[in-house]
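First the structure, in the form of structure tokens, and then the observations on it.
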Amino acid sequence: MIWKSVVGKLWATILLLVACVLFILTILLMQFFRNYILDEMTDQLMSTASKIAVMLKHNEDTRTGLDVAWELISEETKVVVVTDDNRVYYSPNQRGEKLSPSYFRNDPDFSEVFSEGETVQKRIRLPEEGDAGRDGEEVLVIGKPLNEGNGKKGAVFVYQSLAVMKETSRATTRLIFLAAVIAFIMTTVFAFFLSTRITSPLRKMRVAAFEVARGKFDTKVPKLTNDEIGELATAFNQMRKKLKINMHALNQEKEQLAGILKSMADGVITFSKDGTILLTNPPAESFLQLWYYEQGGDDLQQLPPALMDLFAKAVETEQEQVGEVSFQGRYWTVIVSPLYTEGNIRGAVAVLRDMTREKKLDKLRNDFVANVSHELRTPIAMLQGYSEALIDDVVTTEEERKEFIKVINEESERMGRLVNELLDLARMQSDQFQLKIEQVPIKPFCNRVIKKFAGLAREKNISLESRIESGDESFPFDPDRMEQVLTNLIDNALRHTPEGGRVEIRQGIRDDKLWLEVSDNGSGIPEEDLPFVFERFYKADKARTRGRSGTGLGLAIVKNIVDAHRGTIEVKSKIGQGTTFTVMIPRK
């Protein structure tokens, strides 16, 4: 906790300042000593190499010249003399592994001493004694050309270990670190003494402030001094009294407003004067999400033009505006009223009432009788017409008779499916409907259902793709009923996707919910039909074309199965771009 207090911060600041200074000083001193020692060593080795080269040049007897040269070098300095005929001489103080002439001639830097006659300075690592593949100590090598006369060229290599320089640097570092530790200790004592005297009354004030923050507005701050801190304590006590009164009033108003907004069935959006959204309730958030999907993005700055026009008129005229907004097959009545602060408009509030259900009921009331009668009348009329044709011997050939019988069979099967689906739907909507929940491996289940449609997709030249994200996980649901859901959705997608199109099935588990999505890039569903796709006998195909159109009960059955699993199903669609059905089933 000390690092979060003023004492800790002041102490840390002083220590950080001292540490930075000492760190920079340490780096500079270490660099200085290292460079100084390296320069001295380089100069010494360069001088030694020059002297040896001169001695050997002016002394006809190489052995005599070397004896004199060995007297010039120190114990730490090693010398390797290489003549033009690859003869090599080592100083007597060398032990263990020795550098061969081939090492110098093969090295790209040292080879210039022989070829170019240049002086070369380089750091290398000597081979470890007894292990030629392992590096030993680091040394500084000076290569000096040796002119033996008659055009013969050799080289003198003088080297010395860098351990002395490193030891000196380590000693300097230890000395500086010792000084830094002493400075840290002295700084710590000074910082704590200074900060404690300054922050003692502030700590007491902090305790009182935390008590007030927890709602204990009766806590008082003691006035210990008559300086600025004492005046701060007096001001704090006065603020505490006013804060208690204001917080009580604000809490009441906030709880009342939050309760009203949350319990409202209508959506509420509060705007600032420039049109920025300040506050929304759950119904309004659903409204905005539908609009963002309609626009194909999530730009929070773009809102329905009709709503923004009402907002602009309300701000401009300072009067309440009423209008309607519709998209994605839903309808809202919007009332926009200006908001005032001290007589000036500070924004507006929009109330959105979802009128989709009312419009939906009106439409269903008008269409239900026609849809049901049409579904029943069409197959009955065809059965009656074709059977009368057979009875009256209108058919003249065996092929025509078989064709009529086939039509009669198809229409009877269609009526059978209609009756069975009506029975299933009635059973689902009654109290007798029971699910058989069991733990089902999701991936094999989905692959089995999708595989049933692989042949049909190939026949229609439709790409049937799947993306299963759940791996080997299992999930509790009724496998037979969920297979019915997935079968209906995939069948609808294939029937409404043209040749060369694509149907994709995605599945995963998110937030402990089973997530299934069937999407296609087919013809799509008109916006005005989206709210009604789960109703009985409702079809987006107004012509109710035989073959492509079903009975109008499949999606109603799907909706009831999903509801029985306490899940949700949503549909999103755009004309010419495709349709997406999303099913969410909770684990519990």
Side-chain angles (χ1 to χ4, degrees), residues 24-59 62 65-84 87-129 134-148 152-176:
I24 296 173
L25 181 61
T26 301
I27 297 299
L28 294 177
L29 286 176
M30 289 176 60
Q31 190 65 31
F32 170 76
F33 280 109
R34 186 180 293 110
N35 293 336
Y36 175 77
I37 296 172
L38 183 60
D39 292 342
E40 287 293 320
M41 182 184 295
T42 303
D43 293 341
Q44 179 185 354
L45 295 179
M46 192 74 72
S47 175
T48 302
S50 299
K51 290 178 181 179
I52 294 175
V54 171
M55 288 181 184
L56 295 177
K57 178 180 179 181
H58 293 89
N59 200 321
T62 304
L66 290 175
D67 291 338
V68 176
W70 300 151
E71 297 295 331
L72 296 177
I73 63 176
S74 63
E75 181 65 26
E76 294 80 12
T77 305
K78 277 75 172 181
V79 180
V80 179
V81 178
V82 182
T83 62
D84 186 61
R87 299 178 66 181
V88 59
Y89 302 93
Y90 297 98
S91 59
N93 57 357
Q94 295 194 49
R95 301 176 183 84
E97 293 286 342
K98 297 179 180 179
L99 298 175
S100 62
S102 60
Y103 173 82
F104 295 107
R105 292 186 182 279
N106 295 333
D107 187 276
D109 296 320
F110 289 134
S111 62
E112 295 181 359
V113 180
F114 298 97
S115 60
E116 305 294 337
E118 296 182 358
T119 300
V120 176
Q121 172 185 338
K122 185 178 180 181
R123 289 187 182 187
I124 65 171
R125 285 193 175 274
L126 296 177
E128 187 72 18
E129 293 186 16
R134 185 177 176 186
D135 291 337
E137 65 177 342
E138 186 179 11
V139 298
L140 175 64
V141 182
I142 301 296
K144 194 77 174 177
L146 175 61
N147 189 356
E148 302 180 53
K152 296 182 178 180
K153 294 183 180 181
V156 177
F157 296 96
V158 182
Y159 62 92
Q160 185 174 335
S161 173
L162 296 175
V164 176
M165 182 188 71
K166 294 181 179 179
E167 182 60 32
T168 304
S169 299
R170 284 194 290 269
T172 305
T173 303
R174 287 194 295 269
L175 180 61
I176 295 175

Distance in Å, [X] [atom1] paired with [Y] [atom2], rounded so as to fall on 0.5 Å steps:
X: Thr77; Y: Leu45; atom1: OG1; atom2: CG; value: 5.5 Å
X: Lys144; Y: Thr48; atom1: NZ; atom2: OG1; value: 11.5 Å
X: Asp109; Y: Arg123; atom1: CG; atom2: CZ; value: 14.5 Å

Atom of [X], atom of [Y] and distance for their closest heavy-atom approach:
X: Pro108; Y: Ser111; answer: O-OG, 3.0 Å
X: Ala53; Y: Pro145; answer: CB-O, 4.0 Å
X: Ile142; Y: Ala49; answer: CG2-CB, 4.3 Å

Heavy-atom side-chain contact between [X] and [Y] under 4.5 Å:
X: Gln160; Y: Leu140; value: no
X: Val139; Y: Lys78; value: no
X: Ile52; Y: Ile73; value: yes
X: Leu162; Y: Leu38; value: yes
X: Tyr159; Y: Ile124; value: no

### Task
For the pair Ser47 (side chain) and Asp43 (backbone), establish whether a donor and an acceptor sit closer than 3.5 Å, ignoring hydrogens and angles.
no
### Message
Counting neighbours of OH on Tyr90 that are heavy atoms of other residues, nucleotides or ligands and sit closer than 6.0 Å, is the number greater than 12?
### Response
yes
### Message
Before you tell me yes or no, could you show the steps for Phe104 and Val80 under side-chain contact (heavy atoms from CB on, under 4.5 Å), namely the whole-Å CA-CA distance, both residues' side-chain angles and the distance that decides it to 0.1 Å?
### Response
CA-CA 10 Å; Phe104 295 107; Val80 179; 4.0 Å; yes
### Task
Evaluate side-chain contact (heavy atoms from CB on, under 4.5 Å) for Thr83 paired with Tyr89, printing each intermediate quantity in order.
CA-CA 9 Å; Thr83 62; Tyr89 302 93; 3.8 Å; yes
#### Entry: Mutual orientation of the aromatic rings belonging to Phe114 and Phe157 [parallel < 30°, tilted 30-60°, perpendicular > 60°]
tilted
